[in-house]
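This report refers to the structure that appears directly beneath it.
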Amino acid sequence: MNLKSEDLFRKALRLMPGGVNSPVRAFRAVGGEPLFVASGKGARITDVEGRSYLDYVLSWGPLILGHCHPQVMEALARVLETGTSFGASTPAEVELAEQIQAAFPSIERVRLVNSGTEATMAALRVARAATGREKILKFEGCYHGHADSLLVKAGSGVATLGLPDSPGVPRALAELTITVPFNDSAALEEAFRVHDHQLAAVIVEPVAGNMGCVAPRAGFLARLRTLAAEQGTVLIFDEVLTGFRVAYGGAQQLYGIQPDLTTLGKIMGGGLPVGAYGGKAALMDLVAPAGPVYQAGTLSGNPLAVAAGLKTLELLRAPGFYERLDALAESLVAGLRAEADRASVALTINRVGSMFTPFFTAEAVTDYASAKKADTAAFGRFFRALRERGIYFPPSQFEAAFISSAHSEDDIAETIRAAGAAFTALACR
Ligand SMILES: *Cc1c(COP(=O)(O)O)cnc(C)c1O
């Protein structure tokens with residue numbers, strides 16, 4: 001007899017902190033039993049009780065082709081016949097590096113790592129080495145993984161749980177991290193004035209996804225590019241979420257801005273653990289063994305992750321792939337808006353490509369402060385009402401939802417109907 005979610009979670013609570021391996025999975029922000037997933041196929045997942053859900057989390061973004069895409073699975077099966085790890089170079093990782101470079105012209109050299117966290121941590125190290133400076137600048141509510149320097153005013157799970165900046169981060173390090181509000185060009189200029197020629201790097205989610213989805217204001221990224229160039233500060237676009245998501249070439253393609261360094265992850269691993277950082281040759285050639293900046297990884301360039309990534313990228317290059325995904329996302333968002341209006345629920349939906357967030361507020365959401373004005377209790381009720389109707393949304397107001405190419409027009413219609421019923425239930429309270 002298989003254990004059910006409730007029993008599994010009780011057991012997990014004894015074995016793992018909070019019962020989970022990553023905080024948001026515990027559903028603390030929305031209530032209800034955490035999901036225990038048995039399997040996924042296409043746009044749907046099935047839990048251990050056998051209930052099926054349309055999935056808008058998609059492993060927090062990586063599964064842009066949906067679960068168990070047959071061609072990705074086939075690519076993985078081939079690797080299983082030849083070996084899963086060698087700790088030595090393989091042809092496929094050279095090919096993946098080539099594809100990344102083709103997708104991101106700003107990336108002249110790239111290093112593969114095992115997670116987004118590793119990628120941002122290493123990118124900061126390179127920027128500090130290149131400039132001989134120690135301070136970095138990030139934006140409030142932007143999440144760049146859990147490295148010490150970056151766990152300051154971070155979004156994602158930190159925002160979800162309402163945690164202050166994490167204990168365990170040495171003050172000496174946190175003091176080197178300057179934060180300003182996202183989308184605030186005046187505050188940005190002030191920070192560059194105060195820390196004149198002292199900033200090693202400025203790191204940004206060019207489309208924020210970890211305070212919920214927030215697009216950059218017109219001119220904001222361009223101002224950032226100019227200021228960084230003027231002061232010799234390394235501009236890092238953290239495209240772990242947006243790379244291959246908002247466009248094949250990421251937000252830098254969408255907005256036409258070239259950063260000095262880029263971090264990647266999620267989609268480029270096709271659902272396996274992966275990350276990458278890359279950029280100008282002059283910066284990346286500082287990395288060992290080309291240069292003195294140390295960074296290494298036992299499983300880096302792992303054959304399974306590389307094979308899943310290569311096949312995923314190949315399928316993303318199909319003509320019209322992003323246009324179709326965009327149209328699907330727009331029809332869902334338009335449907336959600338119409339249903340919210342009908343039920344008189346105050347809702348602001350932000351969308352960039354196939355990532356979006358319905359914020360339970362009437363006001364525009366342009367930064368972390370405005371995102372935090374959303375009614376998180378209402379979001380929690382919405383989440384639970386959708387779940388009852390077989391729709392799985394991110395279990396937090398401050399996370400983006402995603403659409404995959406496995407979602408059909410019928411799936412979207414089903415989701416809009418379920419959301420309509422959920423909004424009506426909310427409004428009747
Ligand atoms: C998910 C994410 C990370 C961290 O990646 P992990 O693989 O979870 O370590 C970093 N930056 C952004 C923008 C992300 O969305």
Side-chain angles (χ1 to χ4, degrees), residues 20-25 57-64 104 111-125 127 136 138-160 166 177 179 182 201-216 221 235-247 250-252 254 259 261-278 295 297 299-300 302 304-306 308-309 312 350 352-357 368 371 394-396 398-402:
V20 291
N21 281 316
S22 197
V24 187
R25 297 179 195 175
V57 180
L58 297 164
S59 189
W60 304 98
L63 299 178
I64 192 167
F104 290 82
R111 168 65 58 87
L112 300 185
V113 292
N114 302 294
S115 69
T117 294
E118 269 189 68
T120 55
M121 184 176 71
L124 281 191
R125 187 176 302 146
I136 60 152
K138 75 177 283 293
F139 295 92
E140 290 169 15
C142 281
Y143 178 70
H144 304 290
H146 61 84
D148 282 345
S149 288
L150 292 165
L151 267 190
V152 179
K153 302 218 170 136
S156 193
V158 188
T160 301
S166 176
T177 302
T179 61
F182 188 70
V202 48
I203 185 167
V204 66
E205 289 184 77
V207 175
N210 290 289
M211 53 181 114
C213 177
V214 179
L221 295 175
L235 176 59
I236 306 171
F237 272 14
D238 180 358
E239 299 231 41
V240 170
L241 195 58
T242 52
F244 303 106
R245 168 61 66 182
V246 298
Q252 52 196 271
L254 191 63
L261 292 176
T262 299
T263 54
L264 295 168
K266 298 196 169 120
I267 289 175
M268 63 156 284
L272 278 88
V274 90
Y277 65 104
Q295 185 273 310
L299 294 174
S300 295
N302 176 260
L304 283 166
V306 167
T312 298
N350 287 354
V352 178
S354 55
M355 58 190 273
F356 66 98
T357 301
Y368 191 39
S396 164
F398 307 112
E399 299 283 359
F402 302 99

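Read the numbers this way: they start at 1 and go in the same order the structure lists the ligands and their atoms. Computed over heavy atoms, backbone and side chain alike; hydrogens, waters and symmetry mates excluded. We number each residue from 1, following the sequence as shown.
Of all atoms in ligand 1, listed by their number and element, those nearer than 4.0 Å to a heavy atom of Glu205 are 13 (C). Using a 4.0 Å cut-off to heavy atoms of Ser115, the atoms of ligand 1 that qualify are 7 (O), 9 (O). Within ligand 1, the atoms closer than 4.0 Å to a non-hydrogen atom of Gly116 are 4 (C), 5 (O), 6 (P), 7 (O), 9 (O), numbered from 1 in the order shown. Below 4.0 Å from some heavy atom of Tyr143 lie the following atoms of ligand 1, by number and element: 11 (N), 12 (C), 13 (C). Interface of Asp238 with ligand 1, defined as ligand atoms under 4.0 Å from a residue heavy atom, comprises 10 (C), 11 (N), 12 (C), 13 (C).
Between the Arg245 side chain and the Ile267 main chain, no donor and acceptor come within less than 3.5 Å of each other. Judged purely by atom type and a 3.5 angstrom limit, Ser300 has no side-chain atom pairing as donor or acceptor with the backbone of Val113. Side chain of Thr120 to main chain of His144: a donor-acceptor pair is present (N/O by atom type, distance under 3.5 Å, no hydrogens or angles). Using a distance-only test at 3.5 Å, with no hydrogens or angles considered, no donor-acceptor pair links the side chain of Lys138 to the main chain of Val202. Checking side-chain atoms of Glu205 against main-chain N and O of Glu239 turns up no donor-acceptor pair under 3.5 Å.
Residue His144 touches ligand 1 through its backbone alone, judged by heavy-atom distances below 4.0 Å. Counting heavy atoms closer than 4.0 Å to ligand 1, residue Val240 contributes side-chain atoms (C-beta onward) but none from N, CA, C or O. Contacts of Glu118 with ligand 1, taken as heavy-atom pairs under 4.0 Å, are absent altogether. Residue Asn210 touches ligand 1 through its side chain alone, judged by heavy-atom distances below 4.0 Å.
Side-chain contact between Ser22 and Trp60 is absent, with no heavy-atom pair separated by less than 4.5 Å. Looking only at side-chain heavy atoms (C-beta outward), Leu241 and Asn210 come within less than 4.5 Å of each other.
By heavy-atom distance, the residue among Pro206, Ala208, Gly145, Ala147 lying nearest atom 10 (C) of ligand 1 is Gly145.
Minimum heavy-atom separation, Ile236 to Ala201: CD1-CB, 3.8 Å.
Within the 4.0 angstrom cut-off, atom 15 (O) of ligand 1 has one or more protein heavy-atom neighbours.
Ranking protein heavy atoms by distance to atom 8 (O) of ligand 1, first place goes to Thr117 OG1, 4.6 Å. Scanning all protein heavy atoms for the shortest distance to atom 1 (C) of ligand 1 gives Lys266 NZ, 1.6 Å.
Residues Phe237 and Phe104 keep their aromatic ring centres 6.0 Å or farther apart.
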